[in-house]
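Okay, structure first, notes after.
Starting from 1, each residue takes its place in the sequence as its number. Owing to the predicted nature of the structure, the values given are computational and were not obtained by experimental measurement. Note that these values count all heavy atoms, side chains included, but never hydrogens, waters or copies made by symmetry.
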Amino acid sequence: MMLTHVTIVVKDQNAALEFYTKRMGFEKKADYQNPGQPRWLTVAPKGQNIEMVLWQPGIGTRWVLEVDDCRKTFAELKARGVKFIDPQPREEGWGFAADLVDPDGNHFTIHETRKPSATADWAKTSKKA
């Protein structure tokens, strides 16, 4: 597993984006919103692979752990007693994910990104972010 995203709660996503990009010198990595979902806005220090998700209040926080095989990791962790919110990993256009909660109520997502191909719609649209 590799930690890929950490969440920080911000009052105003646009103001936070300006602060982190213009004052701190971070790069905007992603900025999109799927129908019915909150805006996904991430920044990172230049040259870093880990991204900070600039999240709206009330949504909660979450850390994202990238795995090679979400379904396999899900089964292994569940067998060890990890409590998942999802009954099974869910499939999205970009890959697979499953949400879990630790004993103190902290939220994590295990996440498997599908390898992009020239024909994948999600690969084309995510590059615009």
Side-chain angles (χ1 to χ4, degrees):
M1 277 187 235
M2 179 173 65
L3 182 62
T4 60
H5 295 80
V6 295
T7 305
I8 60 170
V9 176
V10 299
K11 293 178 195 171
D12 179 316
Q13 286 178 306
N14 292 325
L17 177 63
E18 184 172 326
F19 173 80
Y20 285 105
T21 57
K22 294 192 174 152
R23 295 190 185 160
M24 296 292 293
F26 289 11
E27 298 174 294
K28 178 169 73 169
K29 300 294 249 179
D31 187 356
Y32 61 89
Q33 185 169 2
N34 290 324
Q37 298 294 318
R39 180 180 178 195
W40 182 260
L41 177 61
T42 69
V43 296
K46 291 182 181 176
Q48 299 261 341
N49 289 330
I50 193 165
E51 297 178 35
M52 292 172 27
V53 181
L54 306 179
W55 213 233
Q56 300 169 349
I59 297 175
T61 61
R62 152 175 344 270
W63 290 46
V64 179
L65 300 161
E66 184 73 20
V67 297
D68 291 329
D69 185 333
C70 187
R71 291 166 286 195
K72 179 181 176 190
T73 303
F74 178 92
E76 290 170 351
L77 294 176
K78 193 168 185 177
R80 289 190 224 151
V82 172
K83 303 290 185 208
F84 281 87
I85 296 169
D86 302 305
Q88 291 293 321
R90 63 190 180 280
E91 184 173 4
E92 305 284 351
W94 44 259
F96 298 89
D99 297 325
L100 63 105
V101 179
D102 77 4
D104 295 305
N106 297 298
H107 290 251
F108 294 82
T109 298
I110 57 171
H111 179 274
E112 174 192 343
T113 304
R114 228 181 233 125
K115 306 301 179 247
S117 71
T119 59
D121 288 339
W122 74 268
K124 292 176 195 171
T125 58
S126 67
K127 299 292 184 203
K128 296 177 186 174

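- Taken together through direct or relayed side-chain contacts under 4.5 Å among Ile, Leu, Val, Met, Phe, Trp and Tyr, V64 and I50 form parts of separate hydrophobic clusters.
- A distance-only check finds a donor-acceptor pair linking the side chain of D102 to the backbone of G105 [under 3.5 Å].
- Note that OG1 of T7 is 7.0 Å distant from CH2 of W55, once rounded to the nearest 0.5 Å.
- Seen from the ring of F96, R71 counts as a face-on cation partner, given the 6.0 Å and 45° thresholds.
- The CG atom of L17 lies 10.0 Å from the CG atom of D12; values are rounded to the nearest 0.5 Å.
- Looking at heavy atoms from C-beta onward, V82 lies out of side-chain contact with F74 at the 4.5 angstrom threshold.
- Under 3.5 Å, the side chains of E66 and T113 contain a donor-acceptor pair of N or O atoms.
- Aromatic rings from H5 and W40 are positioned such that their centres are separated by under 6.0 Å.
- Cluster annotation: V53 and V101 are assigned to distinct hydrophobic clusters (Ile/Leu/Val/Met/Phe/Trp/Tyr, side-chain heavy-atom contacts under 4.5 Å, transitive).
- No continuous path of hydrophobic side-chain contacts links W63 to I85 [ILVMFWY only; heavy atoms under 4.5 Å].
- Between R90 atom CZ and C70 atom SG the span is 8.5 Å, to the nearest 0.5 Å.
- Rounded to the nearest 0.5 Å, atoms CG (L41) and NZ (K28) are 7.0 Å apart.
- Taking 4.0 Å as the cut-off between side-chain N and carboxylate O, D99 and R62 count as a salt-bridged pair.
- Atom CD1 of I8 and atom CE of M52 lie 3.5 Å apart (nearest 0.5 Å).
- Rounding to the nearest 0.5 angstrom, the gap separating the CZ atom in F26 from the CG atom in L54 is 9.5 Å.
- Pairing each heavy atom of P57 with each of K11, the nearest pair is CG-CA, 4.2 Å.
- Inspection of the T42 and E51 side chains reveals an N or O donor paired with an N or O acceptor under 3.5 Å.
- Donor-acceptor pairing under 3.5 Å is recorded for the side chains of N14 and R39.
- No donor-acceptor pair closer than 3.5 Å links the side chain of E18 to the backbone N or O of K22.
- The nearest pair of heavy atoms linking A97 to T109 is CB-CG2, 3.9 Å.
- Ring orientation note: the planes of H111 and W94 are close to parallel, at an angle under 30° on the 30°/60° scale.
- Using a 4.5 Å cut-off on side-chain heavy atoms (C-beta onward), T4 and L65 make no contact.
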